[in-house]
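Numbered from 1 within each chain, the chains take letters A, B, ... in sequence-line order.
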2 protein chains.
Amino acid sequence: MKEIDFSGCPIMSSLSGERIKNLFEEIEFKINTYKKGDIVARQGSPCKYLNILLAGAVKTEMVAENGSVMTIENIAAVRPLASAFLFAENNIFPVDVIATDFCRIISIPRDEVLKMFQKDAGFLESYIKYNSNKTQFLSTRLQTLNIKTIKGKLAFYILEGLNKNLVLNPGNNKFRMDRNQTELAKYFGVSRPALARCISEMEEENIILIEHKEVKVINRAALQNLLG
Amino acid sequence: MKEIDFSGCPIMSSLSGERIKNLFEEIEFKINTYKKGDIVARQGSPCKYLNILLAGAVKTEMVAENGSVMTIENIAAVRPLASAFLFAENNIFPVDVIATDFCRIISIPRDEVLKMFQKDAGFLESYIKYNSNKTQFLSTRLQTLNIKTIKGKLAFYILEGLNKNLVLNPGNNKFRMDRNQTELAKYFGVSRPALARCISEMEEENIILIEHKEVKVINRAALQNLLG
DNA sequence: ATATTTGTGTAACAATTATGACAGATTAAT
DNA sequence: ATTAATCTGTCATAATTGTTACACAAATAT
């Protein structure tokens, strides 16, 4: 019990440490560990537990049959994994979940989660909210894919990154990417050389300037125009 | 009251007609009608109500800034609309919702829905389940988009369509598409001529045969190979 | 039955991206 | 500090798809 720390977990946010302790004394669960590179869950395998990443980080990837891979998202502790699929009729993992670091993951059986819902309305509400946010995320991801050109995807990504930092640095025109070029290409589902070429061109056109992972926006209007 | 018929609605399935009647006597709601072509909700507008399509049909589309459109799904009554976004932090419609037929839509305020959760656990459970299924759907949609080639998308679509009919016609190699070529191109987010060309080529290669909306699979293994 | 609209097949050409390959730069490991 | 591994910039070529255009077929309306 002592080893479970849910602080920062969005679906546990409404619960006090005391409350969590009580809840987990009454339910069944198990904890597994994984090392970097381990496959935590396979695309297509059934999802019977609420899995919460207690420590470490994972990435989720979608694999097409020919092996072409698209990274969906990177997840760092403490966060639930695939919580949206636990109660679906076809409750299978839509992605590969791969440890990108040493990981500790708690697995709570479906039925125990239902019990927790009954015992604590706050938990239920944050669960619904979290899944809503998740769906929103998938929608945004769909939107990115709906943009056909690489320049457009990049523009979308940069404008989004700028907005996220807006609260921290209002009026700022810089931000730091959390991916390198290779990872970014995977995220977009495009080839790396093609992405590099687009970056070069956009730098030549004085729209952006990228140094390492630092992105500086020079012509914001031009970025907006690229979105289509 | 007499005009509300939720039969067939997945999030109301656990409730008896009597129960629904009682619930809806205690809560606030409104009903609007739309004619074919009307915009029910705009991409980006806030989602403050649980909207349930009581009669008619709508389509949801994602619009990129340059106007390129991708149809996400077609929805026929009785179904909730964008139920997954109601409780998200950023509760905005991710899509345009457009009436494809005369529609009646009931709108229940967010807070009233919360009340209904408290009053009826069955409703709550089916709500969670429905949203889970929705997320699964979006994932599948992402998967389709992750397939790069048009032939691959088409192969995925056909194999999926075949599977859906499997229960009705086991071992069958035919099915009827619910979209015409133009709609299918929009669904894939590709140009119509390019789709037509791919169909032609796949027919020449003796993989499929499409007549009107009737699809016949001749070489299933070849379809599998195209998935990548 | 005829006119109108909508859907389909096809073509030439342009634009974009993938592929594979390589050298140089950067970062991490020892 | 040096080596090894990874990342980046670039290129030529091939493959795929978009664009625009047009003729014809099919469905729908009058």
S.K.: Which residue, A:K151 or A:P193, contacts DNA chain C at a nucleotide closer to its 5' end, judged by nearest heavy atom?
M.R.: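 In this pair, the answer is A:K151.
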S.K.: From the 5' end of DNA chain C to its 3' end, which nucleotides mark the outer limits of contact with chain A, defined by a 4.0 Å heavy-atom distance cut-off (strictly under)?
M.R.: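 Nucleotide range with atoms under 4.0 Å of chain A: C:dT17 to C:dT27.
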S.K.: With no hydrogens and no angle check, is any side-chain donor or acceptor of B:N131 less than 3.5 Å from a backbone partner on A:S132?
M.R.: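 No; zero donor-acceptor contacts below 3.5 Å.
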S.K.: Would you call A:K174-A:E214 a salt bridge at under 4.0 Å N-O?
M.R.: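 No, this pair does not count.
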S.K.: Let me know the distance between CD1 of B:I147 and C1' of D:dT17, rounded to the nearest Å.
M.R.: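 It is 16 Å, rounded to the nearest whole Å.
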S.K.: What is the distance, rounded to the nearest whole Å, between atom CZ of B:F188 and atom C1' of D:dG18?
M.R.: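 After rounding, the gap between these two atoms is 17 Å.
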S.K.: Just the rounded figure in Å: distance from P of D:dT17 to NZ of A:K148.
M.R.: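 Interatomic distance, NZ of A:K148 to P of D:dT17: 13 Å.
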S.K.: What's the CG-P distance between A:L209 and D:dG9, to the nearest Å?
M.R.: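 Going from A:L209 (CG) to D:dG9 (P), I get 11 Å.
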S.K.: Return the nearest nucleotide to the side chain of A:Q181; candidates are D:dG18, D:dC11, D:dG9.
M.R.: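 It is D:dG9.
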S.K.: Is the NZ or CZ atom of B:K134 positioned over B:F137's six-membered ring, under 6.0 angstrom from the centre and within 45° of the axis?
M.R.: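 Relative to the ring axis of B:F137, which defines the angle, B:K134 lies inside both limits.
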S.K.: Would you say NZ of A:K48 has more than 12 non-hydrogen atoms from neighbouring residues, nucleotides or ligands within 6.0 angstrom?
M.R.: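 It does not: A:K48 NZ has 12 such atoms or fewer within range.
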S.K.: When the distance from CD1 of B:I150 to P of D:dT19 is rounded to whole Å, what number comes out?
M.R.: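 My rounded result for the distance is 11 Å.
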S.K.: Could you check whether any side-chain heavy atom of A:I11 comes within less than 4.5 Å of a side-chain heavy atom of A:S83, counting everything from C-beta outward?
M.R.: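 Side chain of A:I11 against side chain of A:S83, heavy atoms only: no contact under 4.5 Å found.
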S.K.: Under 4.0 Å, heavy atoms only, any strand: does B:A194 hit a base, just the sugar-phosphate, or nothing?
M.R.: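 Answer is sugar-phosphate: B:A194 comes under 4.0 Å of backbone atoms only.
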S.K.: How many Å lie between NZ on B:K186 and C1' on D:dG18, as a whole number?
M.R.: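 After rounding, the reported distance stands at 17 Å.
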S.K.: Of the candidate nucleotides D:dG18, D:dT19, D:dA27, which contains the atom at the shortest distance from the side chain of B:H212?
M.R.: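 It is D:dA27.
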S.K.: So A:T182, base contact, sugar-phosphate only, or nothing? Heavy-atom distance under 4.0 Å.
M.R.: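 Here A:T182 touches the backbone only, sparing every base.
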S.K.: Rounded to the Å, how far apart are A:L184 CG and D:dG9 C1'?
M.R.: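 Checked: the CG to C1' distance equals 16 Å.
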S.K.: Donor-acceptor pair, distance only, cut-off 3.5 Å: does the side chain of B:Q136 make one with the backbone of A:I92?
M.R.: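 Yes, the answer is positive, given that a donor and an acceptor are paired below the 3.5 Å cut-off.
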S.K.: Check every strand shown and say whether B:I199 touches a base, only sugar-phosphate, or nothing at a heavy-atom separation below 4.0 Å.
M.R.: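 The residue B:I199 makes no contact with any strand.
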S.K.: Taking only N and O in the side chain of A:S200, is any of them less than 4.0 Å away from OP1 or OP2 of D:dT10?
M.R.: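 So the side-chain polar atoms of A:S200 do come within 4.0 Å of the phosphate oxygens OP1 or OP2 of D:dT10, strictly under.
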S.K.: Classify the angle between the aromatic ring planes of A:Y157 and A:F175 as parallel (below 30°), tilted (30 to 60°) or perpendicular (above 60°).
M.R.: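 Tilted: the ring planes of A:Y157 and A:F175 meet at 30° to 60°.
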S.K.: Rounded to the nearest Å, what distance is computed from the CZ atom of residue B:R192 to the C1' atom of nucleotide D:dT20?
M.R.: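 Between C1' of D:dT20 and CZ of B:R192: 11 Å.
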